Amino acid sequence: QVQLVESGGGLVQAGGSLRLSCAASGRTVVRYNMGWFRQAPGKEREFVAAISAGYIITDYADSAKVRFIISRDNAKNTVYLQMNSLKPEDTATYSCSASTKWGRNWNQWNYWGQGTQVTVSS
C-alpha cells in the first residue's frame with residue numbers, strides 16, 4: 001500500500017504560482033509512476049502531468065504544457081507540481097496518484113491522495 005498526502009494548494013491571483021507537494025508513505029514510490037490529476041466542480045477528473053518511475057519520461061496535458069513542471073525526489077518520497085502563470089480555469093482539486101501503469105486515464109492509477117484545493121482568482 002502507498003499513502004499519499006498532498007499539500008501546497010491555496011488561493012492565488014491569476015498569473016501567480018503555486019507548488020504542490022505529494023508526500024508518500026508506506027511503500028517507497030521509487031518503482032511507481034507518479035501523476036497529478038485535477039477535478040473542477042461539475043467536471044470529470046482530468047490528467048494534468050505524470051513522471052515515470054525512472055525519471056526518464058514526463059507527460060503533460062496540453063493545458064499544463066509550458067506552465068507546469070512535474071518533478072520527483074525519491075530520496076524524500078515526494079512528488080512536486082510547480083504551477084506557473086495560473087489561470088482561473090486551473091481552479092480545481094488537485095490529486096496525486098501512483099501507479100505501476102502509464103497513461104492519462106485515471107482508471108489506470110492505483111493509489112490516490114485526498115487532494116488539495118487550488119483556487120485562482122481573476
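Note that this is a predicted model, so its numbers are computed, not measured.
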Grab the two heavy atoms, one from [X] and one from [Y], that are nearest each other, plus how far apart they are.
{"X": "Ser95", "Y": "Gly115", "value": "OG-CA, 3.7 Å"}
{"X": "Pro88", "Y": "Ala14", "value": "CD-CB, 4.1 Å"}
{"X": "Gln3", "Y": "Gln1", "value": "NE2-CB, 3.5 Å"}
{"X": "Val120", "Y": "Thr91", "value": "N-OG1, 2.9 Å"}
{"X": "Ile70", "Y": "Gly35", "value": "CD1-CA, 4.5 Å"}
{"X": "Ser17", "Y": "Ser85", "value": "OG-N, 4.3 Å"}

Original post:
Just checking, any donor-acceptor pair under 3.5 angstrom between side chains of Gln13 and Ser121?
Top reply: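 Note: Gln13 and Ser121 side chains miss the donor-acceptor criterion.
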What's the spacing between [X] [atom1] and [Y] [atom2] if we round to 0.5 Å?
{"X": "Thr119", "Y": "Asp90", "atom1": "OG1", "atom2": "CG", "value": "11.0 Å"}
{"X": "Leu81", "Y": "Ser71", "atom1": "CG", "atom2": "OG", "value": "8.5 Å"}
{"X": "Arg67", "Y": "Gln82", "atom1": "CZ", "atom2": "CD", "value": "12.0 Å"}
{"X": "Leu20", "Y": "Arg38", "atom1": "CG", "atom2": "CZ", "value": "11.0 Å"}

Check whether any side-chain N or O of [X] sits under 3.5 Å from a backbone N or O of [Y] as a donor-acceptor pair, and report yes or no.
{"X": "Glu6", "Y": "Gln114", "result": "yes"}
{"X": "Arg72", "Y": "Ser52", "result": "yes"}
{"X": "Thr78", "Y": "Lys76", "result": "yes"}
{"X": "Asn33", "Y": "Lys101", "result": "yes"}

Original post:
Regarding Arg19 and the six-membered ring of Tyr80, is the cationic atom NZ or CZ under 6.0 Å from the ring centre and inside 45° of its axis?
Top reply: yes
Original post:
Does the ring of Trp112 carry Arg45 above it, NZ/CZ under 6.0 angstrom from centre and within 45° of its axis?
Top reply: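 Yes - Arg45 lies over the ring of Trp112, closer than 6.0 Å to its centre and within 45° of its axis.
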Side-chain heavy atoms of [X] within contact of [Y], under 4.5 Å:
{"X": "Phe68", "Y": "Leu86", "value": "yes"}
{"X": "Tyr94", "Y": "Met83", "value": "yes"}
{"X": "Tyr60", "Y": "Thr58", "value": "yes"}

Original post:
Does Lys65 have any side chain to side chain donor-acceptor pair (under 3.5 Å) partners at least two apart in sequence or in another chain, and if so, which?
Top reply: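 Expected list: Asp62.
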Hphob cluster co-occupancy, [X] + [Y], side-chain heavy atoms under 4.5 angstrom:
{"X": "Leu4", "Y": "Trp109", "result": "no"}
{"X": "Val118", "Y": "Trp106", "result": "no"}
{"X": "Tyr111", "Y": "Ile51", "result": "yes"}

**OP:** Would you confirm whether the ring centroid of Phe47 sits within less than 6.0 angstrom of the ring centroid of Trp36?
**Re:** no
**OP:** Would you please test Thr93 and Gln117 for side-chain hydrogen bond (donor to acceptor under 3.5 Å, both in side chains) and show each step?
**Re:** CA-CA 4 Å; Thr93 299; Gln117 178 66 36; 2.9 Å; yes
**OP:** Mind running side-chain contact (heavy atoms from CB on, under 4.5 Å) on Cys96 and Met34 for me, showing each step along the way?
**Re:** CA-CA 7 Å; Cys96 174; Met34 301 298 296; 3.8 Å; yes
